[in-house]
Student: 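First, the structure itself, so that you have it in front of you.
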Amino acid sequence: MTGRGRTCKAKSPDTKCAKSKSKPEEMKHESPPRCTRKDFKEEKQKGATKEQKLKVKAETTEPVTKSKMQPKGTTEDSPKTTKEQKSGRKEKSPEQSREEKTKVQPEDIKTTKTCTAKDKIPETNIQPLRPKENPKADRCEGKVDTILFTTLDKLRIKTDEKSYTSKVVNELVDAILSHLKQNTQCFKEAEPLRTGSYYENLKISNPDEFDVMLAIPVDRVDVSPFGDDGAFYSVELKRGNSHLKKFEESSTLSASKMLDEFRAEVKECAKKYPEWELTRKKKGCPAVTLIRTVQSVTVSLDIVLSLVVKSSWPSFTKEGLQIDSWLGTKVKREYKWLPYYLVPKFEGTGTEEKDGVLAKDTWRVSFSHVEKAILKNHGSQKTCCEKEGDRCRRKDCLKLLKHLLSLLKENNSSFKKFCSYHAKTTLLHACCSRTKDTDWRASSLSQCFRLLLADFVSHLEEGILNNFFIPTQNLLSSLSRNKCNSLARCIREECDKGFPIFK
DNA sequence: CATGTTCGCGAGTGC
DNA sequence: GCACTCGCGAACAT
């Protein structure tokens, strides 16, 4: 709430600046939250499949080693027509079977009116963004479903593009990592943390944005809030950390010094890869961004310096991560045992000073690893979206919201500062208020999506969207009420008209 | 629709 | 401690 101007265009508060991403991810430390879910069934499936795979692998690897990495030369995007149906249809079986089974929610009424099977939509609670209930509306709802499925299909990333792009990106990331290991002391221990929508399987349209955090472990540090919303901190090195001493500025670890040197090293390494171009430094942004053209698409790779802090999370996070009724208290506890990250990001010009610390030497907390883990394990049931489980729409809805937002931004430049992190945060909050997997049932794409939009619109109208981990930080604080209301209006309009923007 | 592919990723293994 | 291999899940393709 203390509106501190969020400088970097959009993105996630933490890592990104200009683009939209999210952040770190994984956690490879002491207590992985992973054990909670999938492991069980994994055991089951193992036996049978193993041999088959071995076989396959053996065959493929020998003769044709790399037949597939050919950069296929096609640059145009194929119009795809045929698929909408498919996706529309897919959903049914899962849902239906589940409906019969159990978990009938109180209001699980199917409105069989005029529509086809897939349009049956339970009339649940909220209806803010939904046209009134009447046969006509339901028919529209069916059409909307089709539009949304078609849109999702268009947003799908093509395998061959992904294949080629990821190869190119991985090559550079590997090179940078080994460069840092071999040629530097201070960054030698960098651990890569692949974050952001690509690595969360939420990337839409093209595989053209990659985020990799390079996390430097720190021993003991004292972390003190900078500003009053708990998003920014200054860092003081205690014992150990000798290789980081050179970045000290009076007694604090200077984010700007460290980032400058990091950037210089990345630049040095990138020289050997002339296809990649280092973009200009953006004030307050923790990323070193490299771009190159791959099959006529401009791909950007954000390399984000960060610190891994393996101690308990800052007190401002205490009331955050309210996932108890969605994912459970055990899961929450496991997440909270993980380390957290700090990225060299600041807002404003960098010259404000508090207690002798300059803004440009401060760090912002990042929980990208937890975001990634949650998105991956997003079900209230362990089996959500697994082979044998029921499919949910959480991720589809987020993709659609991101897409909607980016289209609206294209149309209206005053929306520049809204970013996909706002969408992601909205989804996380939404999952906490509609906690059951059945709330996101596969059969109800348009309804789930409308509910999510309703959430987003009300955040906008209130002007409040709290950071999921740091509830005192309002992600909309730097956006005027006017802009928020105006965006809210646009979204309502799309909703009312059946999303003409997607057509 | 079922089956096959690829990438990402963690677990296991061997040094 | 590491690097490398193996096998699985998710998402896409056929």
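This is a predicted model, so every value here is computed, not measured. Residue numbers start from 1 in every chain, and the chains themselves are labelled A, B, ... in the order their sequence lines are given, proteins ahead of strands.
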Student: Using a heavy-atom cut-off of under 4.0 Å over every strand shown, decide if A:K395 touches base, sugar-phosphate, or nothing.
Tutor: sugar-phosphate
Student: Measure NZ/A:K154 against P/C:dA11 and give the value in whole Å, please.
Tutor: 21 Å
Student: Could you please name the option among B:dC7, C:dA10, C:dC12 that lies closest to any side-chain atom of A:R156?
Tutor: C:dC12
Student: Write down the distance between CD1 (A:I157) and P (B:dC7), rounded to a whole number of angstrom.
Tutor: 13 Å
Student: Measure the shortest side-chain to side-chain distance between A:E200 and A:K376 over non-hydrogen atoms and say whether it is less than 4.5 angstrom.
Tutor: no
Student: If you find the nucleotide of DNA chain C closest to A:C385 and the one closest to A:K181, which residue's nucleotide is nearer the 5' end?
Tutor: A:K181
Student: Whole angstrom is fine here: how far is it from CG in A:L375 over to C1' in B:dG8?
Tutor: 15 Å
Student: Would a 4.5 Å heavy-atom cut-off, applied to side chains only, mark A:V212 and A:L193 as touching?
Tutor: no
Student: Tell me the interatomic distance from A:N201, atom CG, to B:dC9, atom P, rounded to whole angstroms.
Tutor: 9 Å
Student: Round to a whole Å and report the spacing from CG of A:L155 to P of C:dC12.
Tutor: 10 Å
Student: Checking contacts here: which listed nucleotide (B:dC7, C:dA13, C:dC12) is nearest the side-chain heavy atoms of A:Y198?
Tutor: B:dC7
Student: Starting from P on C:dG1, measure out to NZ on A:K188 and report it in whole angstrom.
Tutor: 14 Å
Student: Among A:E277, A:E171, A:E275, which residue meets the salt bridge (charged side-chain N to carboxylate O under 4.0 Å, His left out) test with A:R292?
Tutor: A:E275
Student: Looking only at the side chain of A:T159 (C-beta and beyond, no hydrogens), which of the listed nucleotides B:dC9, C:dC12, B:dC7 gets closest?
Tutor: C:dC12
Student: When the distance from NZ of A:K162 to C1' of B:dG8 is rounded to whole Å, what number comes out?
Tutor: 7 Å
Student: In whole Å, I'd like the distance from the NZ atom of A:K387 to the C1' atom of C:dA10.
Tutor: 10 Å
Student: Are A:H422 and A:F456 close enough that their ring centers fall under 6.0 Å?
Tutor: no
